[in-house]
Amino acid sequence: MKALVLAAGKGEGLLPYTEKTQKESITVLGKAIINYSIDGLKKSGVKEFVIVVNERGNQIEEEVEKLNVSFETVIQKRQGIDGAILDGMEKIDDDVFILSFGDIIAPYNFYKSLMNTYIMSGKQAVVSLVPVSEGIQTYGLVKITDKLRIVKESSTLALAGAYIIPKGDFTSFLDYIDFLSSQDKLAYFIWSEDWIDIGYPEDLLYALEVLLKKKESVISENAEVSKTAIIGKGVIIEDYAVVEDYAIIKGPAYIGKNAYVGSYSLVRDYSSLEEGSKIGAYCEIAHSLIEPFAEVGSKSYLTYSIIGKNAKIGASVITASYPPHVLTRPRFNKLGALISPNTSIKHGSILEPGTKI
C-alpha cells in the first residue's frame, strides 16, 4: 500500500519563519519533521511514498533522501488540503492508500496501530483520533455516537493526521469521512500516547520535551568533549560535536553533529543544538531549538526560543519569555523569540516575549 504524504501547507502558524522555509523541513533532534512521519510509516511496512509539495519541494526532497525510501513528489495545483489530496491521489494506482500529514511527530507504533486497525476491522477506511485539550479550535474535531461524525465544536477528540482511505470522487475530505462512516465503511482508533501536530512555535518546543524525555545519554566517540565539561543525564552528543572547557550540558539535551558549545556555556534541559550550530562562550540556552548552522554570540541568553537555520545571533542577546503573548496552544506559560532562517540579530538586543522576526 502506498502512502500519500502532505507537505505543501503554508505554515501560517509559524510565519514569518515559514515564508521561505517549508515547515516540514524544520529539524528536530537531527531529523526533519516530515521524516518522523515517513520513518514511522516505513517501519510499519510502507515502501512507496507520494509526497505533495509546493514550490519549495526541493527542501523536502533533500530531507527525505536521507531515509533511503522510494518516493516521488507532486506539486500541488489545486487549493487547500482537499486540493492537495486530490492532486496526490492521481499518482496512486491502488484502490486504497494511506494518507498522512507530514507535520505530525508520533512514534512508529502510532502508524502500526493504523495498519493493525485496518487489517483487524475489515473496513475500507480507518481514521486515527487523539484527545486534545489546548487550541481545540485549531484541530479537525469528531464526535462518536452511534457513528463517527465530523463536528466543528463541542468535542475534545481530533483527527490525528494518518488515515487509510479508498480512492474516491470527493470535493471535501471531511465530508468524505462522514460519508464513509455513514456507509459503515469506517473504523477508527484512539491514540493516547505521544503525538504532536507541528503548527505553532510552542509545538516545536513541546516536541523537544516529548522526544528528549525518552532519550538516554549517548556521547559519540568522535565527539570532542573537554575533561572539564560537565555532562548531565539524557544528553546526546553526536559525531564531531565540540564541547569546550567548563561548559555544562544539563540535559535532557541534544548536541548535533559538528555543533559547538563554547567555554563556560550552560545548555539547560530540553534544548537542542542541531547540526553545525554554534554557541559562543558564556551563553545560556534553555528550552530552545537552535537550527542547523545557526550561530549564537557569546554571553547570550536564549530561553523558550527557536533560532532558524543559518541565523546569526549577536553577542549578549537576550530573549525574554515571560509573560508570553497569547499562545494558540498554551502548553507552556512561556514563549521567547521565533527567529527566521538567515536572519541576523544585533549585538546586545533584548527581544520581548513572543517576538517574531
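- Counted within 6.0 Å of CZ on Phe189, heavy atoms from surrounding residues, nucleotides or ligands total more than 12; the atom is thus considered enclosed.
- Between Tyr282 and Tyr264, the ring planes are parallel. Angles under 30° get that label, and only those over 60° would be called perpendicular.
- Across all non-hydrogen atoms, the minimal contact from Ala311 to Ser340 is CB-O, 3.9 Å.
- Under a cut-off of 6.0 angstrom, the local environment of CD1 in Ile144 is crowded, with over 12 non-hydrogen atoms contributed by other residues, nucleotides or ligands.
- Taking all atoms of both residues into account, the shortest heavy-atom contact from Leu6 to Glu24 is O-OE2, 4.1 Å.
- Under the 4.0 Å criterion applied to side-chain N and carboxylate O atoms, Glu19 and Lys10 are not assigned as salt-bridge partners.
- Looking at Thr319 and Ser305, their side chains do bring a donor and an acceptor atom within 3.5 Å of each other.
- Across Lys356 and Pro16, no two heavy atoms sit closer than the pair CB-CD, 3.8 Å.
- Using the six-membered ring where Trp is involved, Tyr304 and His287 have ring planes that are parallel, under 30° apart on the 30 and 60° scheme.
- Criterion: ILVMFWY side-chain heavy atoms under 4.5 Å apart, direct or through other members. Under it, Ile290 and Val28 are not part of a common hydrophobic cluster.
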Given Phe49 and Ser70, is the side chain to side chain contact (heavy atoms under 4.5 Å, CB included) satisfied, shown in steps? CA-CA 6 Å; Phe49 297 84; Ser70 174; over 6 Å; no

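- Contact check for Leu4 versus Val52: side-chain heavy atoms found under the 4.5 Å cut-off.
- In this structure a side-chain-to-backbone donor-acceptor pair under 3.5 Å is present from Ser44 to Lys112.
- Met89 places a side-chain heavy atom less than 4.5 Å from the side chain of Leu86.
- Classification of Lys227 and Asp245 as a salt-bridged pair fails, no side-chain N sitting under 4.0 Å from a carboxylate O.
- For the atom pair CG (Asp197) and CG (Leu159), the distance works out to 11.0 Å, reported to the nearest 0.5 Å.
- Hydrophobic clustering (side-chain heavy atoms under 4.5 Å, transitive across Ile, Leu, Val, Met, Phe, Trp, Tyr) keeps Phe293 apart from Leu29.
- Looking at Ile219 and Ile255, their side chains never come closer than 4.5 Å, going by heavy atoms from C-beta outward.
- Side chain of Lys23 to backbone of Ile198: a donor-acceptor contact under 3.5 angstrom is found.
- Judged by distance alone, the side chain of Ser271 and the main-chain N or O of Arg268 form a donor-acceptor pair under 3.5 Å.
- Sparse packing is recorded around NZ of Lys257, with 12 or fewer heavy atoms of other residues, nucleotides or ligands lying under 6.0 Å away.
- At least one donor-acceptor pair under 3.5 Å links the side chain of Ser121 to the backbone N or O of Thr117.
- At a threshold of 4.5 Å between side-chain heavy atoms, the hydrophobic network of Ile, Leu, Val, Met, Phe, Trp and Tyr places Leu302 and Leu204 in two separate groups.
- The existence of a salt bridge linking Lys312 and Glu295 is confirmed by a sub-4.0 Å separation between a basic side-chain nitrogen and an acidic carboxylate oxygen.
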List the steps and the verdict of side chain to side chain contact (heavy atoms under 4.5 Å, CB included) for Val261 and Ile249. CA-CA 9 Å; Val261 181; Ile249 315 295; 4.1 Å; yes

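- Residues Arg329 and Thr138 have side chains that bring a donor and an acceptor to within less than 3.5 angstrom of each other.
- Between Ala162 and Tyr111, the shortest heavy-atom contact is CB-CE2, 4.0 Å.
- Considering CG of Leu67 and CG of Asn35, their distance stands at 4.0 Å, rounded to 0.5 Å.
- Using a 30° and 60° split on the angle between ring planes, Tyr176 and Phe179 fall in the parallel class, below 30°.
- Taking the side chain as every heavy atom from C-beta outward, Tyr36 and Ile104 never approach each other to under 4.5 Å.
- Atom CG of Leu148 is surrounded by more than 12 heavy atoms from other residues, nucleotides or ligands within 6.0 Å.
- Under 3.5 Å, the side chains of Ser272 and Glu274 contain a donor-acceptor pair of N or O atoms.
- A cation-pi geometry, defined here as NZ or CZ lying under 6.0 Å from the six-membered ring centre and within 45° of its normal, does not hold between Arg331 and Tyr200.
- Ion pairing between Lys147 and Asp178 fails under the 4.0 Å rule for side-chain N and carboxylate O.
- In this structure, the side chains of Glu55 and Ile75 stay at 4.5 Å or more apart for every pair of heavy atoms.
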What donor-acceptor contacts under 3.5 angstrom involve side-chain atoms of residues 232-244, with partners at least two apart or in another chain?
residue	atom	partner	partner atom	Å
Glu238	OE2	Tyr254	OH	2.9
Asp239	OD1	Ser220	OG	2.4
Glu244	OE2	Tyr260	OH	3.0

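- Remark: Glu65 CD is packed, more than 12 non-hydrogen atoms of other residues, nucleotides or ligands lying under 6.0 Å away.
- The two residues Phe332 and Glu202 make their nearest non-hydrogen contact at CE1-O, 3.7 Å.
- Between Tyr17 atom OH and Ile357 atom CD1 the span is 13.0 Å, to the nearest 0.5 Å.
- Counted within 6.0 Å of NZ on Lys42, heavy atoms from surrounding residues, nucleotides or ligands total more than 12; the atom is thus considered enclosed.
- Ionic pairing of Arg78 and Asp82 is not present here: no N-O contact between side-chain nitrogen and carboxylate oxygen is shorter than 4.0 angstrom.
- The closest side-chain heavy-atom distance from Ser128 to Tyr163 is below 4.5 Å.
- A salt bridge does not link Lys77 with Asp87: none of the charged nitrogens is closer than 4.0 Å to a carboxylate oxygen.
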Test side chain to side chain contact (heavy atoms under 4.5 Å, CB included) on Val74 and Ile51; report intermediate values, then the result. CA-CA 6 Å; Val74 177; Ile51 306 173; over 6 Å; no

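- Between Glu63 atom CD and Lys31 atom NZ the span is 11.5 Å, to the nearest 0.5 Å.
- By the side chain to side chain donor-acceptor pair (under 3.5 Å) test, Ser265 pairs with no residue at all, sequence neighbours left out.
- Within 6.0 Å of CD on Glu72 lie more than 12 heavy atoms contributed by other residues, nucleotides or ligands.
- A distance of 13.5 Å separates OH in Tyr139 from CG in Leu129, rounded to the nearest 0.5 Å.
- Ile98 is listed as a side-chain neighbour of Leu41, based on a closest heavy-atom distance under 4.5 Å.
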Using the rule given for side chain to side chain contact (heavy atoms under 4.5 Å, CB included), can you reason through Ile34 versus Asp103, listing the C-alpha separation, both sets of side-chain angles and the distance that settles it, and then say yes or no? CA-CA 6 Å; Ile34 190 171; Asp103 56 0; over 6 Å; no

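- By the 4.5 Å heavy-atom criterion applied to side chains, Leu186 and Tyr188 are not counted as neighbours.
- For Lys2, the NZ atom is densely surrounded, since the number of other residues' heavy atoms within 6.0 Å is greater than 12.
- Taken from CD in Gln124 to NZ in Lys185, the straight-line distance is 5.0 Å, to the nearest 0.5 Å.
- Not a single donor-acceptor pair under 3.5 Å links the side chain of Trp195 to the backbone N or O of Ile105.
- When all heavy atoms of Leu14 and Pro201 are compared, the closest pair comes out as CD2-N, 3.4 Å.
- No side-chain donor from either of Glu275 and Thr27 sits under 3.5 Å from a side-chain acceptor of the other.
- Side chains of Gln22 and Asn54: a donor-acceptor N/O pair is present below 3.5 angstrom, by distance only.
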Let me have the donor-acceptor pairs involving side chains of residues 164-171, under 3.5 Å, with sequence neighbours excluded, atom names and distances please.
residue	atom	partner	partner atom	Å
Lys167	NZ	Ile92	O	2.7

